[in-house]
Protein chains: 2
Amino acid sequence: MSDKPVTIHDIAEMANASAATVSRVLSNSSYPVSHDMRRKIRAAAKALNYTPNMLGRQLKKNNSMTIGVIIPSITNPFYADVVLGIEEIARKHGYHVLLCNSHQNPQLEAEYLQTLLEKQVKGIIVSSISRQKDLLQPYLAKGVKIIAMDQIIDNPDVYQIGFDYRKGAYMACRYLIGQGHTRIALVTAPLNRPSRISLLNGYQDAHREAGITPLKAWFQESEDSEDISYGSAFEFTNGKLLTRKLLHMAERPTAILACNDLTAAGVINELGEYGIEVPGQISVIGFDNIELSQMLTPALTTVDLPKYEMGRFACSTLMDLLEGNEIRAKEVVLEPELIVRKSAAKLE
Amino acid sequence: MSDKPVTIHDIAEMANASAATVSRVLSNSSYPVSHDMRRKIRAAAKALNYTPNMLGRQLKKNNSMTIGVIIPSITNPFYADVVLGIEEIARKHGYHVLLCNSHQNPQLEAEYLQTLLEKQVKGIIVSSISRQKDLLQPYLAKGVKIIAMDQIIDNPDVYQIGFDYRKGAYMACRYLIGQGHTRIALVTAPLNRPSRISLLNGYQDAHREAGITPLKAWFQESEDSEDISYGSAFEFTNGKLLTRKLLHMAERPTAILACNDLTAAGVINELGEYGIEVPGQISVIGFDNIELSQMLTPALTTVDLPKYEMGRFACSTLMDLLEGNEIRAKEVVLEPELIVRKSAAKLE
DNA sequence: CTGAAAGCGCTAACAA
DNA sequence: TTGTTAGCGCTTTCAG
């Protein structure tokens with residue numbers, strides 16, 4: 001099989017043209033080429049079963065038409081949604097996406113960043129977990145455009161797009177309080193990200209506003225662990241573990257807010273194992289509104305975050321940046337929305 | 001910011017060396033270079049904050065060190081797992097993965113195939129949904145190595161790796177029959193893929209062997225639809241719809257086997273809405289063993305398919321192929337395993 | 001051990 | 001309208 005691959009020179013020869021002319025027609029340049037020549041070249045290309053070598057073009061044009069996307073894990077449906085949005089926009093602009101799973105590993109994240117640069121990527125969308133502030137500086141210095149998604153990065157040259165986690169948690173708690181709940185627990189993964197801290201703030205704000213002081217013990221944070229890498233089962237298990245702690249307390253809460261739907265699934269599951277009815281005895285609210293949430297029994301009341309839209313928005317902004325268009329805003333915050341389903345109810 | 005990017009020539013100048021020598025040390029060639037020269041070049045590279053341009057190297061070496069992966073949708077956790085496995089192996093070999101979501105769209109699949117080739121990818125792992133048999137032929141002719149995953153492709157030049165769906169369904173039915181069930185329904189997405197047909201065969205084989213003839217109406221296949229693209233909600237809804245049909249029949253089944261866990265989730269959900277207890281009144285068994293299955297209530301009894309392993313295996317084989325190693329087998333079938341949880345029980 | 005030179009496949013001045 | 005030429009950044013003979 002594979003002989004020497006066909007190049008524009010082969011086509012040139014066959015069509016009695018020069019490589020330049022071939023390039024002009026095959027790359028759809030606006031450069032004038034006679035109709036006849038065009039035809040001959042197209043025919044030759046087809047006859048030889050020609051496939052353009054983008055490496056050549058890209059090297060010449062210094063543009064790989066590829067963007068990099070770094071996320072913690074594609075196994076998390078939250079990110080799968082985001083990536084879908086990114087990809088859609090990228091495709092529309094003729095860009096490809098190099099997807100990198102950092103597996104919550106800062107080392108890996110740094111490595112990927114480097115490789116992306118070597119691959120001549122001109123733009124990167126990243127949901128970073130690195131706490132290292134200046135990790136991105138060398139890349140920015142080289143002119144790479146960077147969009148931070150979901151996780152804010154403290155750097156004036158980085159475009160930011162995220163959700164209002166505070167407001168989401170605030171809305172959820174307000175809702176519960178409105179339903180008569182005064183004993184609301186917060187079950188969350190470690191507060192090692194700004195988003196999680198905002199979430200806690202929303203929880204506190206809603207309580208303060210209502211003049212309620214929740215027990216310290218109702219705030220349950222799972223232990224910080226490095227290798228969360230593999231799958232959503234980790235979050236689920238967290239939800240179970242923390243719920244168990246809650247149930248072993250003298251003063252049980254009547255409602256539980258979880259930092260995400262996966263965790264909420266664990267909460268509900270554990271409550272089930274203790275024979276506690278949801279929402280009859282304890283109400284549960286999740287966060288994210290991934291598709292899982294409607295599949296649970298009872299269907300999960302949760303805070304929707306427009307994940308797909310965030311992906312689209314992040315990528316649109318990046319495209320604007322790369323194409324030299326005007327940018328709307330350097331910092332964008334997307335609004336959450338409370339999705340009322342069946343897992344939270346009025347306190348009797 | 002971004003001036004002219006730094007090249008090996010800049011380094012050569014600074015280190016009083018030639019570009020050739022710089023290349024040799026920076027690409028870790030085994031070519032002999034004096035220790036002193038090495039040091040100087042390394043120092044210069046660091047001083048100039050040099051980043052190699054892989055496009056140059058790859059064009060020269062005619063090897064993009066990238067493989068392509070085409071799957072229906074990353075939003076389906078089944079594929080997310082597979083991709084994780086692929087990526088792990090690719091990384092180990094210094095390869096990158098260009099991930100493409102075909103969205104069940106044969107047109108898109110064909111486009112991606114083309115782009116991958118243009119990007120000089122030398123190997124592709126594909127879970128194809130195209131029914132067009134000779135789609136891959138031109139690519140194979142150009143020497144691209146292709147691995148078909150999960151969905152068998154009828155082409156002797158394509159390496160195949162898949163699951164024994166027949167056996168999985170057979171095991172599930174055997175189990176149910178062993179539990180006293182004789183009225184087992186099969187709820188499935190359209191039989192437009194070989195895997196689904198195998199699944200039906202397994203279902204039939206188990207029945208035949210037990211001397212049971214299931215009602216025709218217990219086989220419920222959802223309607224063929226083109227744009228399933230977005231998310232797992234589609235499968236879930238399918239499960240609900242088909243279950244509803246089942247429940248409106250005079251002769252209800254006592255057990256339901258679903259073609260995948262997402263569908264099974266829909267089945268359980270719909271049964272719940274009808275006030276039917278699982279597994280008390282109707283048993284349910286899923287397929288795939290995605291993480292969702294342990295989060296459902298009741299925890300789903302299901303047929304595990306080693307997804308992650310399939311990804312690893314597919315990629316290992318591809319790496320062997322690309323590195324010119326001996327290949328173990330052209331066709332590999334991975335074994336399913338029944339995971340007994342709580343959603344199927346003895347018929348009282 | 002080091003360097004000069006050619007060239008991977010393509011595009012873009014510049015000439016004709 | 002077409003062709004010639006000179007690279008994009010890198011590797012790799014082939015000479016020294």
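Lettering of chains follows the sequences in order, A, B, ..., and the numbering in each one begins at 1.
- Following rounding to the nearest Å, B/Asn63 (CG) and D/dT11 (C1') show an atom-to-atom distance of 13 Å.
- A/Lys119 and B/Thr66 form a side-chain donor-acceptor contact under 3.5 Å, judged by distance and modelled atom types alone.
- The backbone N or O of B/Val25 sits nowhere less than 3.5 Å from a side-chain atom of B/Ser29 that would complete a donor-acceptor pair.
- Computed from coordinates, the A/Lys61 NZ to C/dG9 P distance equals 19 Å when rounded to whole Å.
- The base of D/dT11 lies outside donor-acceptor range of the side chain of B/Tyr31, with no N or O pair under 3.5 Å.
- In this structure, CZ of A/Arg24 is placed 11 Å from P of C/dA13, rounded to the nearest angstrom.
- Counting any heavy atom pair closer than 4.0 Å across all strands shown, A/Ser29 reaches no nucleic acid atom.
- Each of D/dT12, D/dT1, C/dG9 was ranked by its minimum atom distance to the side chain of B/Lys60; first place goes to D/dT12.
- D/dT4 atom P lies 12 Å from atom CG of A/Asn16, rounded to whole Å.
- For A/Leu59, taking side-chain heavy atoms from C-beta onward, the closest of the listed nucleotides D/dC8, D/dT12, C/dT2 is D/dC8.
- Side chains of A/Val332 and A/Tyr159 form no contact here, defined as non-hydrogen atoms less than 4.5 Å apart.
- Between the P atom of D/dT12 and the CG atom of B/Leu26 lies a distance of 14 Å, rounded to the nearest Å.
- Other residues, nucleotides and ligands contribute only 12 or fewer heavy atoms inside 6.0 Å of the CD atom of A/Gln107.
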